Amino acid sequence: AELRLSTWRPEAELFQVNAGAQPSPRLAAELAEAAAWTARTDGAFEPRCAALVAAWGLRSEARIPSPAELAVAVEARTQWEEGGFGKGAALRDAAQALAAAPGVRRARIDLGGQWLLHGEGLFTLEVADPDHRDRSIGSLRLPAGSVATSGNSERGIEVEGRRIGHILDPRTGQPAPDFGSVTVVHPDPFTADCLATAFLVLGPERALAWAEAEPELGVL
């Protein structure tokens, strides 16, 4: 999955797509699926935000861009950034591999804070307090599927005396408000990943209202 989706390894397919290459049918389908969430979330999720990530230096040396730079970056939706859907895509691959593996009855995989739960019965997961990562706010008892959590407690950075979250609001170019964390439960890892990012941008009230219409979706 990393060789397909990485944007910082030159040999990776998505890196080459950002440089002008045509994607394979498999990657093209994933990119189209990720892009479809932009409309579904009223622009809160935008996978073509590499220019915005670069403007803030989130993958290099953090900086605060000028208003003019931000305006250009918000409009420059041509370069892909896999941070909002790459884990979900990789865990979807893993789910398919587990389903095809003989003798695997139950499994769970943690990929950078997003979980894949595979098999029959219920699984128990602890949800961390976003202000105190070593504490649990409670346990979830869940069937097979995926659990994705987004927040700034682990990857927030400080520049020029200002704390900056790593999740940006693609509509404004500014870091998303840091209200805590959002945990999304869904049978499909790709969907869970995209929505965890989108819901952190939308904020609690809009995220919970959005989720009420989706019977397969759980949100904390």
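Values below: all heavy atoms of this structure, side chains included; hydrogens, waters and symmetry mates excluded. Treat the numbers as computed from the prediction; the structure is a model and nothing was measured.
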If the threshold is 4.0 Å, N to carboxylate O, is there a salt bridge linking [X] and [Y]?
X      : Y      : value
Glu82  : Arg4   : no
Arg206 : Asp42  : yes
Arg92  : Asp193 : no
Arg105 : Glu120 : no
Glu13  : Arg26  : no

- Task: Please lay out, stage by stage, how Leu200 and Phe179 fare under the test side chain to side chain contact (heavy atoms under 4.5 Å, CB included).
- Result: CA-CA 8 Å; Leu200 195 74; Phe179 61 79; 3.7 Å; yes
Does any part of the side chain of [Y], heavy atoms only, come nearer than 4.5 Å to the side chain of [X], both counted from C-beta?
X      : Y      : answer
Arg77  : Glu46  : yes
Leu142 : Val147 : yes
Ser150 : Phe199 : no
Trp80  : Leu5   : no
Val219 : Glu214 : no
Pro47  : Trp37  : no

- Query: Knowing that exactly one of Thr197, Val201, Leu195 qualifies, which makes a side chain to side chain contact (heavy atoms under 4.5 Å, CB included) with Thr41?
  - Reply: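 Only one of Thr197, Val201, Leu195 forms a side chain to side chain contact (heavy atoms under 4.5 Å, CB included) with Thr41, namely Leu195.
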- Task: Please report the C-alpha distance between Leu220 and Ile137 in whole Å, then the side-chain angles of each, then the deciding distance to 0.1 Å, and finally whether the side chain to side chain contact (heavy atoms under 4.5 Å, CB included) criterion is met.
- Result: CA-CA 11 Å; Leu220 173 65; Ile137 62 162; 4.2 Å; yes
- Message: Can you list, by chain and residue number, the hydrophobic cluster partners of Val104 when the side-chain cut-off is 4.5 Å?
- Response: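 So far as hydrophobic clustering goes, Val104 is joined with Leu91, Leu98, Ile109, Leu111, Leu116.
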- Message: Using salt bridge (charged side-chain N to carboxylate O under 4.0 Å, His left out), reason through Arg63 and Glu69 one step at a time and then give a plain yes or no.
- Response: CA-CA 12 Å; Arg63 55 189 294 271; Glu69 288 178 292; 3.1 Å; yes
- Glu75 atom CD, neighbour heavy-atom count above 12 within 6.0 Å: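 No - once you tally the heavy atoms of other residues, nucleotides and ligands closer than 6.0 Å, there are 12 at most.
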- Message: Other residues, nucleotides and ligands only: do more than 12 of their heavy atoms fall within 6.0 Å of CD on Glu61?
- Response: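 No, CD of Glu61 has 12 or fewer neighbouring heavy atoms, counting only those of other groups under 6.0 Å.
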- Query: What about the rings of Phe15 and Trp8, do their centers lie closer together than 6.0 Å?
  - Reply: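 For Phe15 and Trp8, the ring centres are not under 6.0 Å apart.
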- Pair Gln114-Ser146, side-chain donor/acceptor within less than 3.5 Å: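 Yes, a side-chain donor-acceptor pair sits under 3.5 Å.
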- Query: Is there a donor-acceptor contact under 3.5 Å linking the side chains of Thr124 and Ser139?
  - Reply: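 Per modelled atom types, Thr124 and Ser139 side chains form no pair under 3.5 Å.
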